[in-house]
Trainee: 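If you scroll down you'll find the structure; I have some questions about it.
Since this is a predicted model, take the numbers as computed values, not measurements.
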Amino acid sequence: MKDLVFNYNGVLDYVSKKEIAAYEDKAKQALKDLIDNTGAGNDFTGWVNYPLEIQEKELQEINEVAKNIRKQSHCLVVIGIGGSYLGAKAAIEMFSPYFSNLTKNNFEIIFLGNNISAGYLEGALKYLKNVDFSVNVISKSGKTLEPALAFRFVKELMIEKYGAEYAKRVVVTTSNHHSILHEEALKEGYKEFFIPDNIGGRYSVFTAVGLLPIACMGYDVYDLIRGAINSCQDFKTLPYQENPCMQYAAIRNILYNKKYTNEIMASFDPKLTYFGEWWKQLYGESEGKDHKGVLPIVLSYSTDLHSLGQYVQDGMRNIFETFVDFAHEKTALPIKENNEDLDGLNYLAGKDVKFVKDQALKGTMEAHISGGVPAMLIQVKDNSPYTFGYLAYFFMLSCGISGYLLGVNPFNQEGVEAYKKNMYALLKK
């Protein structure tokens with residue numbers, strides 16, 4: 001199969017092919033504005049060509065640092081919030097075995113600084129007292145409260161455990177100017193990677209922000225970048241009629257203008273749950289401007305069919321769905337016949353669990369479409385690093401196009417500062 005297959009037959013009862021075709025010129029112009037750096041927020045569109053521009057030297061350095069971390073530690077603590085951790089978390093969850101005792105060489109990664117929970121932080125510190133660990137602190141400015149607070153506590157523990165040698169276990173990913181984290185790194189002697197000024201957090205997974213934690217888990221960042229490169233080249237050049245990236249953006253906007261204001265990303269594979277969380281930030285923070293935008297929602301099926309399935313089927317008709325699915329799973333898990341058949345499942349004998357899942361996906365889509373929920377299906381081959389790179393770039397590029405079609409700047413996030421301003425005032429900063 002192709003690296004990505006896009007099926008929008010499930011929206012054709014609600015959106016005509018003529019309406020989709022009518023968006024061609026607008027979608028092509030939005031893509032051109034991204035490529036030519038002429039659209040709103042163009043000072044933050046460095047990610048558009050970054051997979052093509054990343055240097056071999058940087059990839060080698062990322063792998064070398066990752067190798068050193070794995071040599072000196074059994075655990076990497078990634079401290080960051082939002083785009084500073086979601087991309088890496090999504091990738092690692094997508095690639096890794098389901099249960100931690102099966103991870104490569106028993107190396108693990110934990111994420112801190114993405115909440116303000118005393119209990120969570122205390123639990124992590126207690127755990128880390130008995131673990132050999134290194135730290136990757138990710139923050140462009142170094143001023144974001146959640147990661148800064150977590151790093152303060154973790155740093156105290158590191159000094160207690162490792163003394164003056166603690167600095168050899170700290171890697172900072174930040175801006176090389178206007179960053180208090182950069183200043184601390186220079187003073188303390190931390191290893192640094194720099195985030196390009198023209199790439200915002202939610203578009204940063206192909207930089208050291210995402211690649212270093214992924215490499216530390218032993219996964220192939222070269223293959224991941226290769227997927228992103230091919231995705232970039234495909235979707236920047238394919239004509240509109242063959243370009244899922246532009247079509248997906250167009251259909252989302254057509255549905256939004258028809259008052260379908262909530263989009264569910266749904267998957268039947270738990271490996272895609274955190275990919276959905278990354279997608280949620282990407283679209284929510286890019287499009288939620290000027291009292292506009294589709295609200296992104298992530299559901300994990302079939303689990304959530306037993307909690308929100310009723311609402312999706314019969315609730316307000318202001319939602320549409322985008323299903324993401326792996327076409328080729330490594331495990332099919334055959335279902336054997338049982339002589340007693342006490343569970344009544346012998347009708348499935350000779351089939352496998354993947355077949356059951358495929359029918360559940362098909363049946364769910366058909367039920368929701370007939371119930372008034374337009375649905376699209378995006379299929380990729382597998383859960384490999386290459387596929388992650390291809391799929392992540394697809395959504396990033398389509399998000400930029402979609403934001404321009406919506407008439408907003410997809411690359412700022414001034415609304416995020418509102419809670420910070422109030423919080424800092426209450427904390428008397």
Trainee: Is there a side-chain contact between S231 and D234 in this structure, where contact means two heavy atoms from C-beta onward sitting under 4.5 Å apart?
Mentor: no
Trainee: Are a donor atom and an acceptor atom from the side chains of Q29 and D25 found within less than 3.5 Å of each other?
Mentor: no
Trainee: Spell out, as yes or no, whether a donor-acceptor pair under 3.5 Å connects the side chain of Y283 to the backbone of G293.
Mentor: no
Trainee: Determine yes or no for a side-chain-to-main-chain donor-acceptor pair under 3.5 angstrom, with Q313 supplying the side chain and A367 the backbone.
Mentor: yes
Trainee: Which residues pass the side-chain hydrogen bond (donor to acceptor under 3.5 Å, both in side chains) test with S139, sequence neighbours left out?
Mentor: none
Trainee: If you define the side chain from C-beta out and look only at heavy atoms, does anything of V170 sit under 4.5 Å from K191?
Mentor: no
Trainee: Are the side chains of V77 and N136 in contact, using a 4.5 Å heavy-atom criterion?
Mentor: no
Trainee: Side chains of N176 and F193: does their closest heavy-atom pair fall under 4.5 Å?
Mentor: no
Trainee: So does P385 get a backbone contact from the side chain of D223, meaning a donor-acceptor N/O pair under 3.5 Å?
Mentor: no
Trainee: Kindly write out the residues that satisfy side chain to side chain contact (heavy atoms under 4.5 Å, CB included) with P147, not counting sequence neighbours, or none if the list is empty.
Mentor: I79, I81, T144
Trainee: Measure the CD-CG distance between E263 and L295 for me, rounded to the nearest 0.5 Å.
Mentor: 10.0 Å
Trainee: Do the side chains of L224 and L211 get nearer than 4.5 Å, heavy atoms only?
Mentor: yes
Trainee: Looking at residues at least two apart in the chain, or sitting in another chain, which of them share a salt bridge (Lys or Arg N to Asp or Glu O under 4.0 Å) with D290?
Mentor: none
Trainee: Determine whether Y386 and N230 satisfy the following criterion, side chain to side chain donor-acceptor pair (under 3.5 Å), listing intermediate values before the conclusion.
Mentor: CA-CA 9 Å; Y386 176 90; N230 287 352; 2.9 Å; yes
Trainee: Identify, with sequence neighbours excluded, every residue that meets salt bridge (Lys or Arg N to Asp or Glu O under 4.0 Å) alongside K351.
Mentor: none
Trainee: Specify the closest pair of heavy atoms between V15 and K258, including all atoms of both residues, with the distance to one decimal.
Mentor: CG2-CE, 4.2 Å
Trainee: For a quick check under 3.5 Å, do S307 and D304 share a side-chain donor-acceptor pair by atom type?
Mentor: yes
Trainee: Can a donor-acceptor pair be found, under 3.5 Å and without considering hydrogens, that links the side chain of D36 to the backbone of T38?
Mentor: no
Trainee: Starting at CD of Q247, measure out to CZ of F6 and round the result to the nearest 0.5 Å.
Mentor: 6.5 Å
Trainee: Evaluate Y190 against E184 for side chain to side chain donor-acceptor pair (under 3.5 Å), listing each step before the verdict.
Mentor: CA-CA 8 Å; Y190 306 150; E184 181 177 345; 3.0 Å; yes
Trainee: Any side-chain heavy atom of H74 sitting closer than 4.5 Å to one from E108?
Mentor: no
Trainee: Which residues pass the ring-ring contact (aromatic ring centres under 6.0 Å, His included) test with Y240, sequence neighbours left out?
Mentor: none
Trainee: Answer with yes or no whether the side chains of S204 and T207 bring together a donor and an acceptor at under 3.5 Å.
Mentor: no
Trainee: What residues form a ring-ring contact (aromatic ring centres under 6.0 Å, His included) with Y85, not counting sequence neighbours?
Mentor: F111
Trainee: Is the side chain of N346 donor-acceptor paired with the backbone N or O of N338 at a distance under 3.5 Å, no angle test?
Mentor: yes
Trainee: Check Y260 against F320 and note the closest heavy-atom contact, atom names and distance.
Mentor: O-CE2, 3.6 Å
Trainee: Taking ring-ring contact (aromatic ring centres under 6.0 Å, His included) as the definition, give me every residue that meets it alongside F388, ordered by chain and number, with sequence neighbours left out.
Mentor: F95, F275
Trainee: Which residues pass the side-chain hydrogen bond (donor to acceptor under 3.5 Å, both in side chains) test with S73, sequence neighbours left out?
Mentor: S134, R169
Trainee: Test your reading of the model: is there a side-chain donor-acceptor pair from K236 to the backbone of K32, 3.5 Å cut-off?
Mentor: no
Trainee: Do Y404 and N409 have a side chain donor and acceptor closer than 3.5 Å?
Mentor: no
Trainee: Would you call M316 and Y311 a side-chain contact if the rule is heavy atoms closer than 4.5 Å?
Mentor: yes
Trainee: Assess the side chains of Q60 and E56: does a donor N or O sit below 3.5 Å from an acceptor N or O?
Mentor: yes
Trainee: Quick one: closest heavy-atom pair of C75 and F107, and the distance?
Mentor: N-CE1, 3.7 Å
Trainee: Check whether K289 reaches the backbone of S286 with its side chain - one donor and one acceptor, N or O, closer than 3.5 Å.
Mentor: yes
Trainee: If you measure from the Lys or Arg side-chain nitrogens to the Asp or Glu carboxylate oxygens, is any gap between D325 and K357 under 4.0 Å?
Mentor: yes
Trainee: Just grab all the side chain to side chain donor-acceptor pair (under 3.5 Å) pairs involving residues 361-370, residues at least two apart or on different chains.
Mentor: E321-H368
Trainee: Output the distance between atom CZ (F355) and atom CG (L348), rounded to the nearest 0.5 Å.
Mentor: 8.5 Å
Trainee: To the nearest 0.5 Å, what is the distance between CD1 on I225 and CD1 on I54?
Mentor: 4.5 Å
Trainee: Kindly give the heavy-atom pair with the smallest separation between Y23 and I254, and that separation in Å.
Mentor: CE1-CG1, 3.4 Å
Trainee: Identify, with sequence neighbours excluded, every residue that meets ring-ring contact (aromatic ring centres under 6.0 Å, His included) alongside Y390.
Mentor: F235
Trainee: Can you confirm if the NZ or CZ of R252 lies within 45° of the ring axis of Y248 and under 6.0 Å from the centre of its six-membered ring?
Mentor: yes
Trainee: Dump the intermediate steps for side chain to side chain donor-acceptor pair (under 3.5 Å) on K26 and N253, then the final yes or no.
Mentor: CA-CA 11 Å; K26 288 184 284 188; N253 278 268; over 6 Å; no
Trainee: Got K381 and F326 here, is their nearest side-chain heavy-atom distance under 4.5 Å?
Mentor: no
Trainee: Using a distance-only test with no angle check, is there a side-chain donor-acceptor pair under 3.5 angstrom linking Y203 and T45?
Mentor: no
Trainee: Under 3.5 Å, is there a donor-acceptor pair linking the side chains of D382 and S384?
Mentor: yes
Trainee: Checking S96 side chain against E93 main chain: does a donor-acceptor pair fall under 3.5 Å?
Mentor: no
Trainee: Does either side chain, that of E192 or that of H182, offer a donor lying less than 3.5 Å from an acceptor on the other one?
Mentor: yes
Trainee: With sequence neighbours excluded, tell me which residues meet salt bridge (Lys or Arg N to Asp or Glu O under 4.0 Å) with K280.
Mentor: E277
Trainee: When you measure from the side chain of Q281 to the backbone of G83, do you find a donor-acceptor pair of N or O atoms at a distance under 3.5 Å?
Mentor: yes
Trainee: For F153, does the CZ atom sit with more than 12 other heavy atoms under 6.0 Å from it, leaving out its own atoms?
Mentor: no
Trainee: Drop me the distance from K143's NZ to I180's CD1, to the nearest 0.5 angstrom.
Mentor: 6.5 Å
Trainee: Name all residues meeting the side-chain hydrogen bond (donor to acceptor under 3.5 Å, both in side chains) criterion together with S179; count only those two or more places apart in sequence or in a different chain, and write none if there are none.
Mentor: T174
Trainee: Ignoring hydrogens, what is the shortest heavy-atom contact between V373 and I319? Give both atom names and the distance.
Mentor: CG1-O, 3.7 Å
Trainee: Under 3.5 Å, is there a donor-acceptor pair between the side chain of N49 and the main chain of E53?
Mentor: no
Trainee: Kindly compute the distance separating CG (N257) from CD (E19), expressed to the nearest 0.5 Å.
Mentor: 10.0 Å
Trainee: Stepwise, does the side chain to side chain contact (heavy atoms under 4.5 Å, CB included) test hold for L31 with L397?
Mentor: CA-CA 8 Å; L31 176 60; L397 189 64; 4.0 Å; yes
